[in-house]
**Q** 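Here's a structure for you.
Just so it is clear, the values below take in all heavy atoms, side chains as well, and ignore hydrogens, waters and symmetry mates. First listed ligand is number 1; within each ligand, the first listed atom is number 1. Computed from a prediction, not measured in an experiment: that's the story for all the values here.
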Amino acid sequence: MSLELSKKALAVKPSSTLAITAKANELKAAGQDVVGFAAGEPDFATPEHICQAAKDAIDSGFTKYTAASGTPELKAALSKKFKEENGIDYAPDQIVISNGGKHSLTNVFEAILNEGDEVIIPAPYWLSYPEIVKLAGGVPVIIRGEKSASYKVTADQIAAACTEKTKALVLNSPSNPTGMIYSKEELEAIAKVAIEKDFYVVSDEIYEHLYYVEGKNTSIASLGEEIYNRTITVIGLAKSYAMTGWRIGFCGAPKAIAKCISSIQSHQTSNPNSIAQKAALAAISGDQTCVTEMGKAFDERRQYMYKRVCECPYISCIEPKGAFYVFVDMNEMVGKKYKGREITCAADVAEILIADYCVALVPCADFGFPDHFRMSYAISVDKIKKGMDRIEEFAKSLTD
Ligand code: PLP
């Protein structure tokens with residue numbers, strides 16, 4: 001036997017967003033004035049009442065194992081939340097609470113995929129989807145949402161990508177990295193294809209509350225029994241409640257899938273942190289003003305960043321409607337020169353901006369769009385202004 005490592009593990013790419021964030025933090029620690037547009041992380045502190053619930057959990061000795069799939073009280077609260085906010089009936093035994101949305105997604109794909117099953121992933125996509133699918137033995141099938149279609153895919157495109165091996169579709173609305181939102185009508189058309197072709201929809205709605213246009217997030221599982229039976233809805237608390245470090249995500253699924261996920265989790269990680277579950281309960285069942293207030297601040301930042309990107313030479317974007325990202329098209333920079341160096345893709349821009357302007361942003365090759373970069377507006381307007389001033393200075397310095 002050789003000491004060869006797992007082929008699956010060797011095929012995994014490290015997360016480039018986390019790597020860029022780490023690089024920006026390194027520069028900050030070295031005293032540099034870095035503007036970080038890279039991290040998908042709210043700059044707000046976790047609301048006080050949520051922290052207090054965690055402190056109370058420690059003080060009352062709630063520090064032991066819980067049920068592997070989460071505490072009954074948190075599942076009951078999530079069941080109520082799903083019904084009231086998402087219009088979906090998930091009984092507590094259809095809900096599994098995990099260590100963040102990423103972990104929920106990992107569990108979901110492990111539960112539904114057999115080796116070689118295909119998963120349709122619309123690009124631009126959050127960079128972890130293909131890696132998580134591959135780790136679970138699946139084969140990502142990428143389809144493209146073009147800029148002219150607001151980076152969204154149509155039901156026809158999905159139908160055309162289906163084969164005998166299609167097991168699931170990943171939907172992410174509001175989207176990371178584009179900030180785009182699928183309408184109810186678009187979701188209905190997609191649901192029809194899922195039912196006809198008989199595949200699962202993994203609906204990642206982690207940005208459900210970060211929604212800046214009229215109306216509210218539509219959950220595809222709420223659109224009828226047949227699509228409900230084929231959908232796994234994944235949500236997490238990180239983005240809406242400024243709880244990135246607490247690591248709580250959850251999914252609602254048909255009973256048989258929830259049971260599989262629960263068994264998988266019982267062997268791999270057991271319960272998510274007991275204290276974080278108490279904090280999550282306070283988040284879900286407490287006053288939601290904090291979510292609205294943070295949402296208002298994000299909206300102000302969104303409008304400011306959108307305006308600045310529109311005003312900046314050689315870059316453009318579509319107005320984002322949700323999440324906290326602006327997805328920037330840099331094609332007009334291609335072929336221009338910076339200090340004699342030719343710009344070929346977004347990675348070149350990201351490299352120059354961090355090295356010479358102390359601005360961190362995410363080039364989107366790993367999101368399926370090498371000619372775009374992603375900028376998070378989960379930082380203050382003052383910082384956005386400083387960062388955009390620097391990007392503008394860079395753009396104006398480009399030559400033919
Ligand atoms: N889904 C999307 C689209 C995301 O952007 C993220 C985080 O960046 C996650 C899921 C996972 O979030 P977490 O594991 O922090 O709950």
**Q** Would one find an N or O of N172, backbone or side chain, under 3.5 Å from an N or O of ligand 1?
**A**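 The answer is no, given that N172 and ligand 1 share no N or O pair closer than 3.5 Å.
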
**Q** Regarding E351 and R341, does a basic nitrogen lie under 4.0 Å from an acidic carboxylate oxygen?
**A**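 So E351 pairs with R341 through a salt bridge.
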
**Q** With heavy-atom distances below 4.0 Å as the criterion, list the atoms of ligand 1 near N176.
**A**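 Counting from 1, the qualifying ligand atoms are 3 (C), 4 (C), 5 (O).
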
**Q** For atom 16 (O) of ligand 1, what is the nearest protein heavy atom, given as residue, atom name and distance?
**A**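 I find the closest protein heavy atom is G101 N, 2.7 Å.
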
**Q** Could an N or O of ligand 1 be found under 3.5 Å from any N or O of Y207, whether backbone or side chain?
**A**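 The answer is yes, given that Y207 and ligand 1 share an N or O pair closer than 3.5 Å.
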
**Q** Test side chain to side chain donor-acceptor pair (under 3.5 Å) on E205 and S173 and set out the steps.
**A** CA-CA 6 Å; E205 300 175 28; S173 174; over 6 Å; no

**Q** By number and element, which atoms of ligand 1 are closer than 4.0 Å to a non-hydrogen atom of A238?
**A**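 Every atom of ligand 1 under 4.0 Å from some heavy atom of A238: 15 (O), 16 (O).
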
**Q** Which atoms from ligand 1 have a heavy atom of Y129 less than 4.0 Å away?
**A**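 Within the 4.0 Å cut-off of Y129, ligand 1 contributes 3 (C).
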
**Q** Y304 and side-chain hydrogen bond (donor to acceptor under 3.5 Å, both in side chains): which partner among R302, E300, R308?
**A**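 Of R302, E300, R308, side-chain hydrogen bond (donor to acceptor under 3.5 Å, both in side chains) with Y304 is met by R308 alone.
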
**Q** Is it true that K336 and E342 make a salt bridge, defined as a side-chain N closer than 4.0 Å to a carboxylate O?
**A**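 Looking at E342 together with K336, the answer is no, because their closest N to O distance does not fall below 4.0 Å.
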
**Q** Considering only heavy atoms, does H103 approach ligand 1 within less than 4.0 Å through its side chain, its backbone, both, or neither?
**A**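 Near ligand 1, H103 shows nothing, with every heavy atom at 4.0 Å or more.
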
**Q** Report the nearest protein non-hydrogen atom to atom 8 (O) of ligand 1: residue, atom name, distance rounded to 0.1 Å.
**A**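 Of every protein heavy atom, K239 NZ, 2.7 Å lies nearest to atom 8 (O) of ligand 1.
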
**Q** Can you list the ligand 1 atoms lying under 4.0 Å from a non-hydrogen atom of G100?
**A**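 Close to G100: 14 (O), 16 (O).
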
**Q** Under the criterion salt bridge (Lys or Arg N to Asp or Glu O under 4.0 Å), which of K81, K216, K239 is the partner of E208?
**A**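 So the option named by the test is K81.
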
**Q** Applying a strict 4.0 Å limit to heavy atoms, is T244 in contact with ligand 1?
**A**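 Per 4.0 Å heavy-atom rule, T244 does not contact ligand 1.
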
**Q** Enumerate the residue pairs fulfilling salt bridge (charged side-chain N to carboxylate O under 4.0 Å, His left out) with a member in residues 178-187, sequence neighbours excluded, ordered by first and then second residue.
**A**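 As it turns out, the salt bridge (charged side-chain N to carboxylate O under 4.0 Å, His left out) pairs with a partner in residues 178-187, which skip direct neighbours, are K152-E186, K184-E188.
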
**Q** Do me a favour and list the nearest non-hydrogen protein atom to atom 15 (O) of ligand 1 with residue, atom name and distance?
**A**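 For this ligand atom, the closest protein heavy atom is R247 NH1, 2.8 Å.
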
**Q** Can you tell which part of I248 has a heavy atom less than 4.0 Å from ligand 1: side chain, backbone, both or neither?
**A**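 Under 4.0 Å from ligand 1, I248 contributes no heavy atoms.
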
**Q** Kindly say whether the aromatic ring centers of F394 and Y338 come within a distance under 6.0 Å.
**A**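 So the answer is yes for these two rings.
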
**Q** Taking Q288 for its side chain and I284 for its backbone only, find out whether a donor-acceptor pair lies under 3.5 Å.
**A**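 Confirmed, Q288 side chain pairs with I284 backbone.
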
**Q** In the protein, what heavy atom is nearest to atom 4 (C) of ligand 1, and what distance, to one decimal place, separates them?
**A**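 Checking every protein heavy atom, the shortest distance to atom 4 (C) of ligand 1 gives W126 CE2, 3.6 Å.
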
**Q** Under a 4.0 Å heavy-atom limit, does Y125 contact ligand 1 with its side chain, its backbone, both, or neither?
**A**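 No part of Y125 comes within reach of ligand 1.
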
**Q** Ignoring hydrogens and angles, tell me if any N or O in the side chain of T231 forms a donor-acceptor pair with the backbone of T233 under 3.5 Å.
**A**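 No; zero donor-acceptor contacts below 3.5 Å.
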
**Q** Can you tell me how the ring of F324 sits relative to the ring of Y207, calling it parallel under 30°, perpendicular over 60° and tilted otherwise?
**A**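 Judged by the thresholds at 30° and 60°, the geometry between F324 and Y207 is perpendicular.
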
**Q** Return the closest protein heavy atom for atom 12 (O) of ligand 1 as residue, atom name and distance.
**A**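 Going by distance alone, atom 12 (O) of ligand 1 is nearest to I206 CD1, 3.3 Å.
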
**Q** Taking atom 10 (C) of ligand 1 as the point of reference, which of D204, N99, I132, V170 owns the nearest heavy atom?
**A**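 The option holding the nearest heavy atom is D204.
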
